[in-house]
Amino acid sequence: MTKKEKSRSAATKKTKKSFEEGSLREIKIRVIGIGGGGGSIISGVSSDLKKVLFAAANTDSRALQEATTSKKIKGFHFGEKLTDGLGTGMDPQLGKQAAKDAIEDIKELSKNQDITIIVSSLGGGTGSGATSVFASAARQAGSITYGIFTLPFSFEGEKKMKIAKEAIKECAPYLNAVTILPNDKIFEVVDKNTPLKEALSKMNKILAFNLEGMIETIYKTGLINIDFADVRTILEKKKGSRKLAYLSTMEADLQDGAENIVKSAVSSPLYPYIVKDARGVLFNITGGKDIGLTDISSISENISKYTNDKAKIIIGITQKKDYKNKVKIALLATGCGSEFFAEELGDDEKKKPKKVKTPKNKTKKPSPKPTEKKEPDLKPVEKPIEREEIRRNAIEIKELMEDEEKEIIEEEDKWEKPTFLRKGLGRNK
């Protein structure tokens, strides 16, 4: 074997080894909670998940300290020079600048991560301003990006809501999928007299449970596994598809029946939208040893009824000893209802037909009908001249041609002038 052949053989073995290691390695997921709300949410889920990396990012040093009581959560303090560690108040521009100043460190958070999940409570300064920078950095690092955002309560005022929606617009280009939950929806699961802190805590716990269900689905082995290729298929946004995603995890008794169980799973009261018309659906069914094929089949068929006819549906099945007569469904659906947050996410399908109506076909196939602003074309002028030669003598024809030639030259001179001068010609006449 020659030296060149040995080199090729070694390279082939190295590539094969890398491929095998890459295909067998576990998925790497980083969950980043930005601002006070984001940090609070991830602190509630971090203790139950072993293989996921967590980071709480904030400009407020005191809030960051509260969010990182667990050793599993990495604290990421940024913007010290701009905020003195006191936060950004309701100034999203300050939060954005603080994140930009720390961009190289932010990129490290998503380095070598397959999926970066960004959690933020929008409406304030840090979460609303910095989230787009974190999302952009994760995308640059080659990570699939998924945003989970809450919107402020209506009683917090229109200004906060406006800040929140502007933040979604800025983040959308860097996210593969987005889940949005208005805080007002919490009153559909708690009493209206519930103290604010308790209501927020309830929302965070539900979000944490939903997120836990999805991550558990990715990592836990079962009878039918969901792997990274499946997750990527659902989360990767294809051209023309919508980004809005529905994330839900729920538990129920098998005796409730598949139809009622699925109805609860696909229509959580916390969402203003449901799974209806979803284009991509990934769900995992967890049950005890008593769960039968009929139960699984019935649940799957009922979920498919809520989706688009052409939806990609991926299912996983897991069994647990302590799930006797119980079932848990963890569901992630993307491309949900177009009437919700379409403008903020850049998914407004109503605007698409307007973009299609362009004059491209008219330029390729000119209409035979003359228009008022049609550029000079000698052919329409030559035809009447040929017809006139039959009726006029040579002198008349010569005079006529000279007049028409003069008109053509004047028309050409006019079109050679810049637009603003051309418009001026009409006014000077």
Could you list the donor-acceptor pairs under 3.5 angstrom formed between side-chain atoms of residues 185-194 and any protein atom two or more places apart in sequence or on another chain?
residue : atom : partner : partner atom : Å
K185    : NZ   : E188    : OE2          : 3.3
D191    : OD2  : N193    : N            : 2.8
D191    : OD2  : N193    : ND2          : 3.3
T194    : OG1  : D191    : N            : 3.4
T194    : OG1  : D191    : O            : 2.6

Review point. What pairs with D101 under side chain to side chain donor-acceptor pair (under 3.5 Å), at least two apart in sequence or on another chain?
Key: Q97
Check your understanding: Residues in ring-ring contact (aromatic ring centres under 6.0 Å, His included) with Y246, at least two apart?
Key -> Y271
Study note, to complete from the structure: Contacts of S143 meeting side chain to side chain donor-acceptor pair (under 3.5 Å) (sequence neighbours excluded), chain-then-number -> T116
Residues 263-270, side-chain donor-acceptor partners within the protein, below 3.5 Å, at least two apart:
residue : atom : partner : partner atom : Å
S264    : OG   : N260    : O            : 3.2
S267    : OG   : K263    : O            : 2.3
S268    : OG   : L270    : N            : 3.2

Check your understanding: Under the salt bridge (Lys or Arg N to Asp or Glu O under 4.0 Å) test, which residues partner K51, sequence neighbours left out?
Key -> E26
Study note, to complete from the structure: Hits for side chain to side chain donor-acceptor pair (under 3.5 Å) against E251, two or more places apart or cross-chain, chain-then-number order -> Y323
Check your understanding: With sequence neighbours left out, which residue pairs that include part of residues 144-161 fulfil the side chain to side chain donor-acceptor pair (under 3.5 Å) condition?
Key -> S121-T150, T145-N176, Y146-T179, S154-D184, E156-K160
Check your understanding: Mind checking what makes side chain to side chain contact (heavy atoms under 4.5 Å, CB included) contact with I103, not counting sequence neighbours?
Key -> K107, V133, A137
**Study point:** Test ring-ring contact (aromatic ring centres under 6.0 Å, His included) applied to F340 - qualifying residues, sequence neighbours left out
**Key:** none
Result block: side-chain N/O donor-acceptor pairs under 3.5 angstrom for residues 80-88, not counting sequence neighbours:
residue : atom : partner : partner atom : Å
T83     : OG1  : G79     : O            : 2.9
T83     : OG1  : G85     : N            : 3.2
T88     : OG1  : T126    : N            : 2.9
T88     : OG1  : T126    : OG1          : 3.1

Review point. For D60, what residues pass the side chain to side chain contact (heavy atoms under 4.5 Å, CB included) criterion, not counting sequence neighbours?
Key: N58, R62, A63
